Amino acid sequence: MFTTDLRPNEVSSSALDWGTAIHELKQELNAVVLAHYYQEPEIQDVADYIGDSLGLSRQAAETQADVIVFAGVHFMAETAKILNPDKLVLLPDLEAGCSLADSCPPTEFAAFKAAHPGHLVISYINCTADIKAMSDIICTSSNAVDIVNQIPAEQPIIFAPDQNLGRYVAAQTGRDLVLWKGSCIVHETFSERRLIDLKVKHPSADIIAHPECEPTILRHASFIGSTTALLNYTQTSPSETFIVATESGILHQMEKQNHHKRYIPAPPTGTCACNECPYMRLNTLEKLHDAMRDRKPQITLSEEIRIAALKPIQRMLDMSL
Ligand code: 13P
Ligand code: SF4
């Protein structure tokens, strides 16, 4: 129906065409498009809801739509399916995985758990359904500290799979967490040296960071939070310039919500665009459209794993009202 073989000055009209077709398909399917902030700007612009992992899970839990189109990565769409077994959940590109989820293979994690008997398992939502099924409570970057604070002090805790978020939560709560040593390739890409150089050039800028970043980056941040918390901070803070240490897709909403301020992406170690998540960026407007038109690729999972993974997700939702 549409060609993608366009000259650069035709890009926005093409996005508009895809947008119109996606809007029509939404009506036809009674579909909702949920998007994470790390998606391409034109995908964010066709979404019904854009948010962080907690916000997206809440939307998935509450939606009345028949079809959920997840513009994000596999573990996010899988969480939506766990919450909605009877709905069709579409992911525009099934290859949209996550290095952090991949860093926690189920067999190794089962052995790690067995080596720490009596521990409560709190897992960051960036993990597979298999890992969720082995967990007691799921958390996200916006509620991890609150959830750990609700656990009795004498209860030992395994925190998986992100060691950087785990270290941050341990420091915030004063708890001695047993950490699984996983990490995100995007949030480990930032260079402390180049961040300091940037701060020297922009002395009045506020450095803000996602807790998946390494301690060498977090120690320079005046604010640390989930993507939604970072976005809200830039809107309410009196600062005019921000150096943003997370995936650069979030800058689109920051600029949309207040274009008078300046947002500078924190620099990666090399000259690559490593602060873009290669998995998130696999989704395109065209793939989103085609997924809705063809009703595939769909997320499927075994009912046994789904039921086991639902319990800790539900516990998270109940603990973060
Ligand atoms: P949040 O948007 O929940 O902060 O998560 C960030 C992230 O890395 C998602 O993959
Ligand atoms: Fe996974 Fe990192 Fe990409 Fe988020 S940004 S989806 S944690 S690889």
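Keep in mind that this is a model prediction, so the values were computed, not measured. Remember, it's 1-based here, ligands and their atoms both numbered in the order they're listed.
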Is it the case that the side chains of [Y] and [X] hold a donor-acceptor pair, with the cut-off being a distance below 3.5 Å and no angle test?
X: Gln64; Y: Asn30; result: no
X: Ser226; Y: His210; result: no
X: Asp206; Y: Tyr233; result: yes
X: Asn275; Y: His187; result: no
X: Thr246; Y: Tyr38; result: yes

Which atoms of ligand 1 are found less than 4.0 Å from any heavy atom of [X]?
X: Met76; value: 9 (C), 10 (O)
X: His210; value: 1 (P), 4 (O), 5 (O), 6 (C)
X: Ser141; value: 1 (P), 3 (O), 4 (O)
X: Glu212; value: 6 (C), 7 (C), 8 (O)
X: Ser53; value: 1 (P), 2 (O), 3 (O), 5 (O)

Between His36 and ligand 1, does any nitrogen or oxygen pair lie at a separation below 3.5 Å? yes
Which part of [X] is near ligand 1, with near meaning a heavy atom under 4.0 Å away: side chain, backbone, both or neither?
X: Tyr38; answer: side chain
X: Asp52; answer: both
X: Ser226; answer: both

Donor-acceptor contact below 3.5 Å, side chain Thr228 vs main chain Asp52: yes
Would the distance check show the side chain of Glu247 and the main-chain N or O of Cys277 forming a donor-acceptor pair, the cut-off being under 3.5 Å? yes
Would you please classify the geometry between the His116 ring and the Phe112 ring as parallel, tilted or perpendicular, with 30° and 60° separating the classes? tilted
Give a yes or no on whether Lys296 atom NZ has more than 12 heavy-atom contacts from other residues, nucleotides or ligands under 6.0 Å away. no
His23 atom NE2: more than 12 heavy-atom contacts under 6.0 Å: no
Are the side chains of [X] and [Y] in touch, meaning some heavy atoms are under 4.5 Å apart?
X: His36; Y: Leu56; answer: yes
X: Glu255; Y: Arg262; answer: no
X: Pro278; Y: Ile185; answer: yes

Atoms in ligand 2 with a heavy atom of Tyr38 nearer than 4.0 Å: 5 (S)
Any non-hydrogen atom of [X] lying under 4.0 Å from ligand 1?
X: Glu247; value: no
X: Asn126; value: yes
X: Tyr124; value: yes

Closer than 2.8 Å to atom 1 (Fe) of ligand 2, what protein N/O/S atoms do you find? Cys98 SG
Checking contacts here: is it the side chain or the backbone of Glu212 that comes within 4.0 Å of ligand 2, counting heavy atoms only? Could be both or neither. side chain
